[in-house]
A.B. asks: 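Dumping the structure here so I can ask a few things about it.
Numbered from 1 within each chain, the chains take letters A, B, ... in sequence-line order.
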Amino acid sequence: MKKIVLAMLIASSTVMAEGNPFLKDHFPGGYSMVGSALPHLMGMYKKQGGMHKIAPTPEQEELIEERFKIHSKAFMSKATRIRELETAVMKAVVYDGKPSEALKEQLSEISILKNELAVIDLDTIHMFKKTLTLQQYDVLLDMAKQAKK
Amino acid sequence: MIRQSVAFLIGTTLLGAPIPSDPQQWQRPHLIPAPHDNSINEEKIALGKKLFFDPILSRDRSLSCATCHDPVHGWADANRAAIGIEGRQGTRNSPTIINGAYQLSYFWDGRAKSLEEQSLGPIESHVEMDLKPSEAVHRLQYSPAYVKAFEIAFPKEGITVQTLAKAIASFERTIVSGKSRFDRWITGDATQLNDREYQGFRIFSEKTNCTVCHRGFNFSDHDFSNIGIDNGDAGRGGVKNVVSQHGNFKTPTLRNVSLSAPYFHDGSVKTLKEAVTICAQGGRDKHAKNLSGIMIDHRLSDGEIEDIVLFLKSLEE
């Protein structure tokens with residue numbers, strides 16, 4: 001009986017580690033150095049149904065869509081690159097035992113990219129503030145607050 | 001030794017695919033939303049179902065709603081584009097109606113804001129059922145069975161264009177997901193997905209951008225995107241006269257997607273594997289004017305694409 005239980009425990013750890021290639025692509029516990037793929041207000045508008053609640057005019061929709069085209073491309077490529085660097089850093093530290101001094105170049109690149117992402121994010125919020133009416137903007141902010149809860 | 005090997009095999013089989021730590025986002029809410037002026041009840045659903053399957057609503061009485069939204073084909077159909085009365089050819093693929101109750105707009109270009117509005121569209125469309133709703137009402141008023149059914153479902157309202165739309169919409173609201181192997185897996189039965197299907201889900205939800213658009217229990221963000229399937233159709237851009245939305249179409253649900261070939265708004269892609277490959281590679285027409293910035297080439301292997309396809313098949317009901 002003990003041998004059977006032991007075999008099952010071994011099986012479970014095998015499934016969890018070797019049977020799961022993604023486990024080694026993430027920091028333990030799911031920690032991530034970069035958040036969601038889209039800045040939260042644009043995400044609210046485009047991906048959480050905000051557009052349908054706000055009911056933008058065609059002119060507003062044009063401006064927002066143009067902004068989305070620019071920022072999604074830039075955001076996606078930078079976020080993807082950060083993710084690659086993060087995975088490399090994680091593997092180096094968690095599995096290969098390297099100290100942070102050995103990873104200064106990658107960490108520096110991550111930091112530059114995150115700064116650029118923040119600029120895109122803030123410019124997007126600025127765009128929404130300029131483009132939407134006060135009431136529409138409040139709807140979007142409200143959605144963001146509700147999502148946070 | 002033999003007992004240990006058997007235990008090992010039993011262990012790996014029993015344990016199954018580990019369920020994500022946030023399963024709620026993939027689970028349909030129990031409550032089916034309905035507007036204040038059309039609450040759901042059994043009488044409306046029964047009437048709506050009868051109407052949905054009745055060719056009385058087409059000009060030549062040859063087609064019903066179910067002709068293009070066939071339960072056998074995942075509530076869609078197997079044609080590239082909808083075929084109306086007298087073989088009239090539509091230009092867009094018939095989307096599934098599953099989980100319609102949870103959508104925020106209807107049709108590929110989102111021109112209808114409610115299921116009630118959507119239900120009348122195909123009836124009236126020249127290339128589909130080609131019957132004015134007022135004429136449909138007139139026909140129904142000559143049927144004692146329908147007169148009685150409408151009186152029960154809509155007391156004192158009778159048969160009108162509005163109650164016709166409400167009845168069909170009420171039935172459509174009952175077409176919801178929740179019985180697929182994926183649903184059983186996400187609600188706790190780890191044995192419902194095999195290794196490859198599970199890997200497919202992980203690739204879909206973590207390695208790629210799929211869930212930026214195909215998110216939540218309905219695998220749709222209710223948004224409009226241009227994924228590089230360019231056939232000149234303006235899509236959302238034509239409805240709102242928004243140039244930057246030209247070629248944008250609504251993100252379809254992936255529920256029952258393996259049953260609803262062919263794919264994309266123009267039905268130009270015959271197989272699910274090809275559809276997944278196109279999306280994973282960043283779209284078909286990479287120089288499409290408004291190609292979404294989300295569309296990137298993820299450089300997936302053939303095996304990874306097949307894993308995604310296997311996962312998507314687990315959404316079948």
A.B. asks: Quick check for you: among B:V243, B:I296, B:N241, which has the greatest number of heavy-atom pairs under 4.5 Å with chain A?
C.D. replies: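 Of the candidates given, the most pairs with chain A belong to B:V243.
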
A.B. asks: Given a strict heavy-atom distance threshold of 4.5 Å, which part of B:T251 is in contact with chain A: side chain, backbone, both, or neither?
C.D. replies: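 When you check distances to chain A, no heavy atom of B:T251 falls under 4.5 Å.
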
A.B. asks: For chain A, which candidate among B:G110, B:S220, B:G293, B:S292 shows the most heavy-atom pairs at distances under 4.5 Å?
C.D. replies: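 It is B:G293.
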
A.B. asks: Could you look at B:N248 and say if it's the side chain, the backbone, both or neither that has a heavy atom under 4.5 Å from chain A?
C.D. replies: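 Side chain of B:N248 only, per the 4.5 Å heavy-atom cut-off to chain A.
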
A.B. asks: Side chains of B:H265 and B:N231: any donor to acceptor distance under 3.5 Å?
C.D. replies: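 Their side chains do contain a donor-acceptor pair, which is all the 3.5 Å distance test asks for.
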
A.B. asks: Answer yes or no: is there an ion pair linking A:K130 with A:D123, defined by an N-O contact shorter than 4.0 Å?
C.D. replies: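 Not counted as a salt bridge, because no side-chain N and carboxylate O are separated by less than 4.0 Å.
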
A.B. asks: Pick one: which of B:F219, B:W185, B:F217 meets ring pair (Phe, Tyr, Trp, His ring centres under 6.0 Å) with B:W26?
C.D. replies: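 In the set B:F219, B:W185, B:F217, the residue that makes a ring pair (Phe, Tyr, Trp, His ring centres under 6.0 Å) with B:W26 is B:F219.
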
A.B. asks: Does the pair B:E304/B:R299 count as a salt bridge with the N-to-O cut at 4.0 Å?
C.D. replies: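 So B:E304 does not pair with B:R299 through a salt bridge.
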
A.B. asks: Establish, from distance only, whether the side-chain atoms of B:N290 and B:S244 form a donor-acceptor pair under 3.5 Å.
C.D. replies: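 No pair is found: no donor N or O on one side chain lies under 3.5 Å from an acceptor on the other.
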
A.B. asks: May I ask you to name which of A:Q48, A:K53, A:E61 has the most heavy-atom pairs under 4.5 Å with chain B?
C.D. replies: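 Greatest number of close heavy-atom pairs with chain B: A:E61.
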
